[in-house]
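Here's the structure we're looking at; comments come further down.
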Protein chains: 2
Amino acid sequence: MGLYSDLREKLISDYAKLSPQMQKAARYILDHPNEVALRSMRALAGAADVPPSTITRLMGAIGVETWQDFRDHYQSRLLDQPASYAQRARETQSVENDANRDEHLLESIARTEIDNISAAFSPELSSRMIEACGAIENARHVFIVGCGAAYPAAYQFAYAYRLFRDNGILVDGHSGAFGDELRGITRRDLLIAVGAKPYIRDTVQAVRFARDQHCPVIAISDSDVSPIALDAMTKLVVRDHSQSFFQSFTAALSVMQALVALLVARGGQKALQRIAVAEEQLAAFDTYLED
Amino acid sequence: MGLYSDLREKLISDYAKLSPQMQKAARYILDHPNEVALRSMRALAGAADVPPSTITRLMGAIGVETWQDFRDHYQSRLLDQPASYAQRARETQSVENDANRDEHLLESIARTEIDNISAAFSPELSSRMIEACGAIENARHVFIVGCGAAYPAAYQFAYAYRLFRDNGILVDGHSGAFGDELRGITRRDLLIAVGAKPYIRDTVQAVRFARDQHCPVIAISDSDVSPIALDAMTKLVVRDHSQSFFQSFTAALSVMQALVALLVARGGQKALQRIAVAEEQLAAFDTYLED
DNA sequence: CAAAAAATGAAACATTTGTTGCGATTGTTT
DNA sequence: AAACAATCGCAACAAATGTTTCATTTTTTG
């Protein structure tokens, strides 16, 4: 019997030959290797949503005698990891070539991104987000605008929001002239605007138009005094520090996702039901690929 | 009950007060912390040369309810990244207060997002990203595809990329039928595909089409064996853990931004000049608002 | 020294774990 | 349509795990 230096590769190469349920199990194992090392087989089966017997069968299918052998393999893999980590750090320090300059840049990016996210979930911002949720829940229509680099964040919110509420409108100019969707906006509506420097004219004009119609604004921006946030009811000022030329919208996206999570959590059972219905509709349109 | 950030200290401070046999056990645990995380209590007792009951008594002596709690602590210590994540999750669950529930949820979200990003910049993923950059630089055309919740990440890359390279094409179906942009794709091109479960049919078909034309694929996905990543040349598997119903695309977005940053850094002066030109064009179109 | 207190290890206990067997279900072929 | 094989999940099983009990030994104390 051939011994594999890493069972992971064996699992990947044999993946296609496995039965659907075993694929499900293999997939979970590939995605969560540490759980193999730390949790019990039954717990792992439960997490992967397969009966325990499937795991046992998977062992046989990939040529592993017993679960213990499999687990041992993943345990030693877990113990070896810190070693290679340290070794890599040493290598990075010793040689000063082009390749590890890239690695340094990536490490620096990672730190910055984490800082940005941490700042976005400070107590102050958190309470503002909760406040924003209240406003969203009471609005008649919820408009979302964000252009250029801010478009992903706006789209993200609009996409998720529409799965459980049907009063969200993404202002992106895809339906005619930009801002056309805003016609008829009133003080009972709400505009969520995303944007950082350099501020894009369309976004700012959308905000101003909404303000003129006495529509409250929730601004996700890079400054309290940015043209987007200046007159906003709720200001969510997120950091967009970045190692590169472009600003980072990671924190903005994260805040958008957090808003959705909050809304769903507060919406309770009803929100979950709506999501289920939306998913069924998507399935009916054959949007998803069945596993 | 006082919670210690590290039970190790508790073990050391109480060491003198323990009975001889318990000291023997405590000594072994302090010397072999990983064994606590990986082996069974009986096995540990055997290794420490004490009866199992001594371990149970030691638990009570240092104020730990059960062996499971003790083991959990050492397990999360072993995976130093999500250190107190499990504990935090448990706390969030235990407190059923409506007023604080939102804040706890946000804290939990923040923690998870940071974990996701940390994992995305692991040594393994970092080297894959550098590898991906090489492929991007040598490709004739760079196609980017991502649907549904993955669209923001795809858009983000395409938007930034087009500021310094003019061979990027976002496959989003805005120009006629979906996938129409892919016509004429060859082995000299490159497809960057973003997507997580549930996999959207359009994305998967785009990947398959590219593969059929022998076009290499860079996959940003949630699993090594996802239909998007399975046959990909370079697999960037990012975590999408989330406290809410939806998966998080924060890490995917962050990876996209990092790729752009890498490309610009490697592109040197030439890339910066192109960016300057692009900005001037946007200014000419009166896109930005002058301060 | 004797009585009380503490500590110890073996065994018993209920629980959990990994594995196996079997009937039911599914999908394919004749 | 019937027959076959593959796959699946439930339930039973034996082995192990964590905990408790209790009699014995050791230590402390008056």
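Quick note on labels: first sequence line is chain A, next is B, and so on, each numbered from 1. For clarity, every value in this text was computed on a predicted model and none was experimentally measured.
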Does the side chain of [X] get closer than 4.0 angstrom to OP1 or OP2 of [N] through an N or O atom?
| X | N | value |
| --- | --- | --- |
| Ser19(B) | dA6(C) | no |
| Gln68(A) | dG18(C) | no |
| Ser40(A) | dT17(C) | yes |

So, does the side chain of Arg71(B) form a donor-acceptor pair with the base of dG18(D) at under 3.5 Å?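 Such a pair does not exist between side chain and base.
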Can you say whether a donor on the side chain of Ser53(A) sits under 3.5 Å from an acceptor on the base of dC10(D), or the other way round?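 In this structure, the two groups form a donor-acceptor pair.
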Side chain of [X] only, heavy atoms from C-beta on: which candidate in [options] is closest?
| X | options | value |
| --- | --- | --- |
| Thr66(B) | dC22(D), dG18(C), dT19(D) | dT19(D) |
| Thr56(A) | dT19(C), dT8(C), dG9(D) | dT19(C) |
| Arg42(B) | dG18(C), dC22(D), dG18(D) | dG18(D) |
| Trp67(A) | dT19(D), dG18(C), dG9(C) | dG18(C) |
| Thr54(B) | dG9(C), dG9(D), dT19(C) | dG9(C) |

Figure out the [atom1]/[atom2] separation between [X] and [N], and round it to whole Å.
| X | N | atom1 | atom2 | answer |
| --- | --- | --- | --- | --- |
| Leu44(B) | dA16(D) | CG | P | 18 Å |
| Leu38(A) | dT17(C) | CG | C1' | 16 Å |
| Leu58(B) | dA6(C) | CG | P | 18 Å |
| Lys24(A) | dT7(D) | NZ | C1' | 14 Å |
| Arg57(A) | dC22(C) | CZ | C1' | 11 Å |
| Met59(A) | dT17(C) | CE | P | 17 Å |
| Gln21(A) | dA6(D) | CD | P | 18 Å |
| Asp49(B) | dG9(C) | CG | P | 9 Å |

When all nucleic acid strands are considered with a 4.0 Å heavy-atom cut-off, which category describes Pro20(B): base, sugar-phosphate, or nothing?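 The residue Pro20(B) makes sugar-phosphate contact but no base contact.
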Quick one: sort the Tyr161(A) and Phe164(A) rings into parallel, tilted or perpendicular, breaks at 30° and 60°.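 Judged by the thresholds at 30° and 60°, the geometry between Tyr161(A) and Phe164(A) is perpendicular.
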Parallel, tilted or perpendicular for His241(B) and His32(A), by the 30°/60° rule?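 Taking His32(A) first and then His241(B), their aromatic rings lie parallel (interplane angle under 30°).
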Give a yes or no on whether the backbone of Tyr15(B) and the side-chain of Gln23(B) come within a donor-acceptor separation of less than 3.5 Å.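 Answer holds: yes.
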How do Pro52(B) and Met41(A) order along DNA chain C: which one's closest nucleotide is nearer the 5' end?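 Of the two residues, Pro52(B) wins.
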Quick check on the 6.0 Å ring-centre criterion: do Tyr151(B) and Tyr155(A) meet it?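 Centroid distance Tyr151(B)-Tyr155(A): below 6.0 Å, so yes.
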Strictly below 4.0 Å, N to O, side chains only: are Asp212(B) and Arg208(B) in salt-bridge contact?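 Salt bridge absent between Asp212(B) and Arg208(B).
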